[in-house]
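Values in this document were obtained by computation on a predicted structure and should not be read as measured data. Note on naming: letters A, B, ... go to the chains in the order of the sequence lines (proteins, then strands), and numbering restarts at 1 for each one.
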There are 2 protein chains.
Amino acid sequence: MTQEGGLIAKKLNTFVRLSEREQECLAELQSTSVHLPQGKELISQGDRRHDAYILQSGWGCSFKLLSNGGRQIITFAIPGDCIGLRSVLLRTADHSFSALTDAVVSRVAVSQMMSIFAEFPHLGAAILWATSRDEAVVVEHLASLGRRDALERTAHFFLELHDRLRLVGLAKNAEFACPLSQYLLADALGLSAIHINRVLRQLRERELLTFHDHKVVVHDAERLKALAGYEQPEDSPIVDRDLDAHKHRS
Amino acid sequence: MTQEGGLIAKKLNTFVRLSEREQECLAELQSTSVHLPQGKELISQGDRRHDAYILQSGWGCSFKLLSNGGRQIITFAIPGDCIGLRSVLLRTADHSFSALTDAVVSRVAVSQMMSIFAEFPHLGAAILWATSRDEAVVVEHLASLGRRDALERTAHFFLELHDRLRLVGLAKNAEFACPLSQYLLADALGLSAIHINRVLRQLRERELLTFHDHKVVVHDAERLKALAGYEQPEDSPIVDRDLDAHKHRS
DNA sequence: CGACGCTTTGACACAACTCAACAACCGTGG
DNA sequence: CCACGGTTGTTGAGTTGTGTCAAAGCGTCG
């Protein structure tokens, strides 16, 4: 509910309860905001060194351009997500990021990130948790591309997106706004746009899910989950004792 | 060359030069070693809480079992790799890990990991770098599954594996030992074992690469890279100044 | 020796791709 | 106001890459 510290604070609070000072630290990180027009490329594959960002509002996507002419979207970024955190330590960016809608981001320098770990290890751990969760999403995505057919894959994608949006309060129970085109879905799911269209029709005809007019409606979550082989992630907070264990050692 | 600190030290040294004390710290982490027989499952999908490990010798793989009966191998682990580091903070393991050959690992508790970040931030950053690099591999893998055909995908896989093995000194210039079966390749590359066989034959007939008798020989690296659209990762060390920047701030 | 795991090959089936055409829906400018 | 081009969505017909099924070859090991 509290917006102090932005949507990322809301997300991290799911993991560990953040103290006043940690909330403030998060809020400070996001004090300067940059506006990105739709289509703007924030990070480009091959950039020599880049910062990380926190997405305040709008949607984006990180993707790779392949030498065979294809494009693979790694993940869509929604408000409250960290951008480029994974690759700040790499010498060159291994992927691009661009804004899919008008968006607002806050820049976070590598040095700021390092300070957080030094001064607020608790908050640092929460950020690492969010990063782990993001990577778990990427890994699920990988499994989808490798071993699920088009229908399962598409169903799984929307269920996952739904859960992520819920974490930051951007989805109602069975419905959410979704500014993606069928071309974008295709590049994310490793299919052709034409086939995505056919799959969406099937989902609609089976009365499982509707994707229309930038809005997704889940009509039968249970059957959809069964079809996709979807397993709910566990977002319950872990006990703080686990994180602080190292203080009491040796 | 120096084996102190194990193969992981060799790998991390590519990133930043580690001090004596940091080397010692790494060596201490690996002081206790556990032997894993071939096929042993070290981490199982759904485990409630698990530690991280460092793989000393042998090969392993992390994978997901899907409800549709399929299996997707996320990544193969080779000596010097961290295992399960990505998901230590998650409440339940999102994937399994098992030993593909007889193997030796060292267990690293979460609390030990946290202490490293507190006491040896430099070393912690090096570990984060290795983690980032591993994730970059996963992301490339994702792009392969989504947007490369069977031939490109297989070629790309072997080139990447070759580079990873070189980082820990386990590959000669054009040749390396590889204890994988065609079934394992299939589950990693999202293909059927039968089709993998056809692809391998094609690579052999085109005199690009041979996979036989647990040994891979690269016959024409240049043409293979062109076919796969492979881009060499940059492993040059970044300047230490970047990492230490936060010490001199505010 | 036979049993088993892994590899290899052929014939056929099917999921997903490509090409081509058209329909709906914009915002823009005449 | 309507005509317009551009983008996105929809559908059909034919092609192709990859999966499935079946069977045989070959090491290895008990």
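If you take CZ of A:R204 and C1' of D:dT11, they are 12 Å apart, rounded to a whole angstrom. Computed from coordinates, the A:D213 CG to D:dT8 C1' distance equals 12 Å when rounded to whole Å. Between A:E205 atom CD and D:dT11 atom C1' the separation is 12 Å, expressed in whole Å. Regarding A:L185, its CG atom lies at a distance of 15 Å from the C1' atom of D:dT10, rounded to whole Å. Computed from coordinates, the B:R153 CZ to D:dG17 P distance equals 13 Å when rounded to whole Å. If you measure from atom OH of B:Y183 to atom C1' of D:dT20, you get 13 Å, rounded to the nearest angstrom.
Using a 4.0 Å cutoff to heavy atoms of chain B, the contacted part of DNA chain C runs 5' to 3' from C:dT7 to C:dA11.
Taking the six-membered ring for Trp and the full ring otherwise, A:F176 and A:H162 have centroids separated by under 6.0 Å. When ring centroids are compared, A:Y230 and A:F158 stay outside the 6.0 Å threshold.
Between A:F157 and A:F76, the ring planes lie perpendicular to each other; the angle is over 60°, past the 30° to 60° tilted range.
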Exercise. So A:T210 and A:H219, side-chain hydrogen bond (donor to acceptor under 3.5 Å, both in side chains) or not? Walk me through it.
Worked result: CA-CA 7 Å; A:T210 318; A:H219 293 117; 3.0 Å; yes

For this session: Could you please spell out the steps behind the side chain to side chain contact (heavy atoms under 4.5 Å, CB included) verdict for B:K11 and B:D81?
Result: CA-CA 9 Å; B:K11 186 165 66 169; B:D81 280 355; 3.0 Å; yes

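A heavy atom lying under 4.0 Å from DNA chain D marks the following residues of residues 190-200 of chain A, by number: A:I194, A:N197, A:R198.
Side-chain contact, B:N197 with B:Q182: a donor N or O sits under 3.5 Å from an acceptor N or O. Side-chain contact of B:Q56 with B:S106: a donor-acceptor pair under 3.5 Å is present, judged by distance alone.
One finds no side-chain N or O of A:Q182 lying less than 4.0 angstrom from the OP1 or OP2 phosphate oxygen of D:dT7.
With B:Y53 as the aromatic partner, B:R107 does not meet the cation-pi criteria of under 6.0 angstrom to the ring centre and within 45 degrees of the ring axis.
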